[in-house]
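Inspection log for the structure reproduced underneath, given as structure tokens.
What you see is a predicted model, and the numbers here were worked out from it, not measured in a lab.
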Amino acid sequence: MNTLLLTHPAGLSHDNGPGHPERADRVRVIERILEHERFMTLIRAQAEEGTREQALRVHPESYVQALEQTAPRDGFARLDSDTTMSPGTLDAAFHAIGGACQAVDEVMRRDVDNAFVAMRPPGHHAERATPMGFCFFNNAAVAARHARAVHGAERVAIMDFDVHHGNGTQDIFWSDPNVMYLSTHEMPLYPGTGSTTERGEYNNIVNAPLNAGDAGAQFREAMEVAILPRIEQFRPDLLVISAGFDAHRRDPLANLNLVEADFAWATSKLMDVSDRVCGGRLVSLLEGGYDLDGLARSVAAHVLTLMGA
């Protein structure tokens, strides 16, 4: 498989302050483990800087302007109890959406088979006009809207296996019949959304919550029973993965017990269904994962699977 890896130094410039779990070291450990010779065949490129046009397909002008005006010249601007802007935040956030759109371009043009975007800040908690949960722009939502606007994709599916429910992605696509959002996540847990009764205006929201203490068996059952059949029925033209790795048993912010093999299995299953319904067109975007060792090893398993290794 020709797998594209997109990174950019801007991903290191966003600073949440001392002791914050969403830190630049997350990207550093990913870059370090992907330097191993097993990953020599990865196609590597720098993520492009995103545009306001890309952001505005998802977020209103007033919201983008508010972020621009809030961005500090020095120090920190706290947006809520755990979401903070530093002087490098906007640059990082624009490169995160730019990388997401660039990955969509490469995959939709068939220049590569699939792509992984190792950028931060994450995105799936960002609602239309509300930053929260470490997120500013909703990277996966921007990618989906870019695929529709630029490449004529009729339908896009977003599968989110981050341990926290992607309330932002659900909010953005609640009334959009052309995008299906599917999620496995621990519940109850931040942000408190993601019950099975939340189905969207067009039955286009699929939530498969897991309980604290659940491990690979329960995760795989949720995928096979609730998630994969719905992707197949929806028949998207592109599959986007919100790839959070904080369901790992080592992660400090949650209580699931997945291991690297579970992420590799899920990746393989998602590749299989994308092969059947959308010619294998798949883009994966980094979301959470806050234990550095668990994150690095899980990303390695995910990317090796994308590569067909």
Residue pair V156 / A153: nearest heavy atoms and the distance that separates them: CG2-CB, 4.2 Å
Residue pairs, two or more places apart or on separate chains, that pass salt bridge (charged side-chain N to carboxylate O under 4.0 Å, His left out) and touch residues 89-115: E106-R109, R109-D111
Least distance between heavy atoms, D246 atom then V163 atom: OD1-N, 2.9 Å
Distance (rounded to the nearest 0.5 Å) between H14 NE2 and S86 OG: 6.0 Å
Any I231 side-chain heavy atom under 4.5 Å of L270 side chain: yes
Donor on one side chain, acceptor on other, H20 and T84, under 3.5 Å: no
F134 CZ to R120 CZ distance, which is reported to the nearest 0.5 Å: 10.5 Å
Geometric class of the F39/H36 ring pair [parallel <30°, tilted 30-60°, perpendicular >60°]: perpendicular
Worked check of side chain to side chain donor-acceptor pair (under 3.5 Å) between H95 and E48: CA-CA 6 Å; H95 277 88; E48 297 172 353; over 6 Å; no
Near-ring test H302/F116, centroid separation under 6.0 angstrom: yes
D80 side chain near T83 side chain, heavy-atom distance below 4.5 Å: yes
Backbone of R235 reached by a side-chain donor or acceptor of R155 within 3.5 Å: yes
Inter-residue atom distance L256.CG - L253.CG, 0.5 Å rounding: 12.0 Å
Spacing of CD1 belonging to I43 relative to CG belonging to N2, to within rounding of 0.5 Å: 4.5 Å
Gap between atom CG of D214 and atom CZ of R220 - 0.5 Å precision: 14.0 Å
L239 vs R281 side-chain heavy atoms within contact, under 4.5 Å: no
Within the 6.0 Å centroid threshold, strictly below: Y290 and F245: no
Where Q102 and A45 come nearest, the two heavy atoms and their spacing: NE2-CB, 4.4 Å
Pair D25 + R28: basic N to acidic O under 4.0 Å: yes
Test salt bridge (Lys or Arg N to Asp or Glu O under 4.0 Å) applied to D275 - qualifying residues, sequence neighbours left out: none
Any side-chain donor near an acceptor of the partner, S242 and H124, under 3.5 Å: no
Exam field: side chain T70 to backbone L67, donor-acceptor pair closer than 3.5 Å: no
Short side-chain donor-acceptor distance under 3.5 Å, E61 and Q65: yes
Sidechain N-carboxylate O distance under 4.0 Å for R52, E68: yes
Side-chain touch Y181/N204, heavy atoms, less than 4.5 angstrom: no
V117 side chain reached by S284 side chain, heavy atoms, under 4.5 Å: no
Side-chain H-bond candidate by donor/acceptor type, E154 with N178, under 3.5 Å: no
Side-chain heavy atoms of Q54 within contact of F94, under 4.5 Å: no
Polar contact flag, side-chain donor to acceptor under 3.5 angstrom, D291-H248: no
Neighbour count >12 (heavy atoms, 6.0 Å) for atom CD, E53: no
Which atom of A96 lies closest to which atom of N139, heavy atoms considered: CB-OD1, 3.8 Å
Validation row: V107, L238 side chains within 4.5 angstrom (heavy atoms): yes
Listed once per pair and sorted, the salt bridge (charged side-chain N to carboxylate O under 4.0 Å, His left out) pairs that draw on residues 180-197, sequence neighbours left out: none
Criterion side chain to side chain donor-acceptor pair (under 3.5 Å) on N138 and E127, from CA distance to verdict: CA-CA 7 Å; N138 194 304; E127 298 182 344; over 6 Å; no
Modelled atom types, side-chain donor and acceptor of D160 and H185, under 3.5 Å: no
Spacing of CE belonging to M307 relative to CG belonging to L5, to within rounding of 0.5 Å: 10.0 Å
Partner of M159 under side chain to side chain contact (heavy atoms under 4.5 Å, CB included), chosen from V206, V240, I227: I227
Side-chain donor-acceptor pair present, R128, H59, cut-off under 3.5 Å: no
Salt-bridge contact D176-R145 (side-chain N to carboxylate O under 4.0 Å): yes
Non-hydrogen atoms of I205 and Q170 that approach each other most closely: CG2-OE1, 3.2 Å
pair S183-F161: side-chain heavy atoms closer than 4.5 Å: no
